[in-house]
Enquirer: 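I have a structure here, written as structure tokens, and I will follow up with some questions on it.
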Amino acid sequence: MEGQHITGVQVFEPRLRWPVDPGLAQTLTGLTVARLSRRAKYLLFETGSGALMVHLGMSGSLQLKTPPFERRRHDHVLWTLASGAVLVFHDPRRFGSVHWLPSAPGVHPLLVKLGPEPLSSAFDGAYLAAQARGRKVPVKAFLMDGAVVVGVGNIYATEALFLAGIHPRRPAGRISVARYERLAEAVKGVLAQAIEAGGTTLRDFVDGTGQPGYFQQTLRAYGRADQPCLTCGSALKGIRLAQRATVFCPRCQR
DNA sequence: ACTGGCTCCTGAGGGC
DNA sequence: TGCCCTCAGGAGCCAG
């Protein structure tokens with residue numbers, strides 16, 4: 001994508017998580033993608049005057065295709081490039097979104113309240129402990145709060161808490177700095193491993209080349225309710241916490 | 001200031 | 001074989 005010139009934009013379905021800006025095609029046509037970057041789970045296609053911002057939600061994908069190809073059901077936005085290739089945004093559940101991010105003035109409202117990147121040095125045990133001070137929210141919901149740290153969804157929060165030996169319902173403000181250090185390390189480790197494996201495929205996830213991720217084969221807790229704990233052998237417990245499926249070991253996680 | 005519940009949507013999977 | 005119901009989830013928003 002880097003260096004590609006956008007020659008056309010077609011929006012077939014603007015009803016995504018946020019309605020697609022009717023002026024998007026007008027704004028983007030004629031621009032060149034200088035570089036790709038990312039903030040939290042928002043993908044940024046930077047041009048000289050601003051950025052195309054895409055969120056994949058949970059079922060979204062982007063693929064570069066070479067015409068002729070048949071537009072599939074749920075192919076919502078197409079960008080035609082000067083090379084002749086077409087970038088396709090496909091999202092059956094429409095939890096994803098497509099935005100225009102002006103380079104000035106200020107930050108986009110969706111980005112302004114976001115916490116640090118989990119793989120950055122700003123994210124560590126001391127930071128988590130400071131953020132958690134006085135808070136009673138269950139630590140799993142705390143960890144999934146984008147204002148605390150970005151990028152930690154349900155699966156990786158479940159895995160990290162298992163690795164750190166922390167009970168998902170424990171109030172965030174009642175965890176020691178030492179245990180938060182362990183948790184921060186667990187988050188970094190789980191994310192690094194998942195990225196290495198190419199992501200986690202639950203149902204229909206595929207990457208930019210159509211390949212599934214393989215991290216699900218490595219999951220220690222998520223999706224393993226009633227199965228034996230890989231550490232102590234006792235049965236993992238499945239609960240619902242903050243409207244999310246949660247699995248933990250009642251013996252190892254306190 | 002916090003917290004918990006609701007919401008969008010489609011497809012998979014289970015029960016009958 | 002096929003239908004119908006329930007559940008799954010990212011994350012912003014809102015009521016209490």
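Computed from heavy atoms alone, side chains included, the values below leave out hydrogens, waters and symmetry copies. To find a chain, count down the sequence lines: A is the first, B the second, and so on, and within it residues start at 1.
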Enquirer: Distance check needed: B:dT3 C1' versus A:R135 CZ, whole Å only.
Expert: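 My rounded result for the distance is 8 Å.
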Enquirer: Under 30°, 30 to 60°, or over 60°: which ring-plane class applies to A:F248 and A:H167, parallel, tilted or perpendicular?
Expert: tilted
Enquirer: Please give, in whole Å, the distance from B:dA12 C1' to A:M58 CE?
Expert: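 From A:M58 CE to B:dA12 C1': 11 Å.
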Enquirer: Is the shortest side-chain N to carboxylate O distance from A:E46 to A:R35 below 4.0 Å?
Expert: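 Yes, this pair counts.
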Enquirer: Detail all sub-3.5 Å separations between protein N/O atoms and N/O atoms belonging to nucleotides 3-6 of chain C.
Expert:
none

Enquirer: Could you tell me the separation between the CG atom of A:N154 and the P atom of C:dG10, rounded to a whole number of Å?
Expert: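 In whole Å, C:dG10 P and A:N154 CG are 6 Å from each other.
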Enquirer: Please round to the nearest 0.5 Å and tell me the distance separating atom CD1 of A:I6 and atom CG of A:L31.
Expert: 6.0 Å
Enquirer: Any base atoms under 4.0 Å from A:P19, or only sugar-phosphate, or nothing? Heavy atoms, all strands.
Expert: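 Nothing, no heavy atom under 4.0 Å.
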Enquirer: Counting only side-chain nitrogens and oxygens, does A:R73 get under 4.0 Å of the OP1 or OP2 atom of B:dG11?
Expert: yes
Enquirer: Just how far, in rounded Å, is P of B:dC9 from NE2 of A:H74?
Expert: 13 Å
Enquirer: Scan A:A141 against the nucleic acid and name what it touches under 4.0 Å (heavy atoms): base, sugar-phosphate only, or nothing.
Expert: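 Nothing, no heavy atom under 4.0 Å.
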Enquirer: Whole-Å distance between C:dG10 C1' and A:K140 NZ?
Expert: 12 Å
Enquirer: Nearest whole angstrom, please: distance from the P of B:dT10 to the CG of A:L16.
Expert: 12 Å
Enquirer: Are A:H99 and A:S97 linked by a side-chain donor-acceptor pair shorter than 3.5 Å?
Expert: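 The answer is yes; a qualifying pair exists.
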Enquirer: To the nearest Å, how far apart are A:Y222 OH and C:dG9 C1'?
Expert: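 Answer to the nearest Å: 7 Å.
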Enquirer: Ignoring hydrogens and geometry beyond distance, is a side-chain donor-acceptor pair present between A:Q4 and A:S83 at under 3.5 Å?
Expert: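 The answer is yes; a qualifying pair exists.
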Enquirer: Between A:Y42 and A:H55, how do the two ring planes meet: parallel, tilted or perpendicular, split at 30° and 60°?
Expert: perpendicular
Enquirer: Taking CD1 from A:I155 and C1' from C:dG10, how many angstroms apart are they, rounded to a whole number?
Expert: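 That distance rounds to 11 Å.
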Enquirer: Flag the pair A:H90 / A:H76 as yes when their ring centroid distance falls below 6.0 Å, and as no otherwise.
Expert: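 Ring-ring flag for A:H90/A:H76: false, centres at least 6.0 Å apart.
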Enquirer: Can you name the nearest heavy-atom pair linking A:V247 to A:A221, along with the distance?
Expert: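 Smallest heavy-atom distance, with atoms named: CG1-O, 3.3 Å.
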Enquirer: Which pairs of donor and acceptor atoms, one on a side chain in residues 64-71 of chain A, lie under 3.5 Å apart (sequence neighbours left out)?
Expert:
residue : atom : partner : partner atom : Å
A:R71   : NH1  : A:D75   : O            : 2.8

Enquirer: Classify every nucleotide of nucleotides 11-16 of chain C by which part a protein heavy atom approaches to under 4.0 Å, writing B for the base, S for the sugar-phosphate alone and - for neither, in 5'-to-3' order.
Expert: BBS---
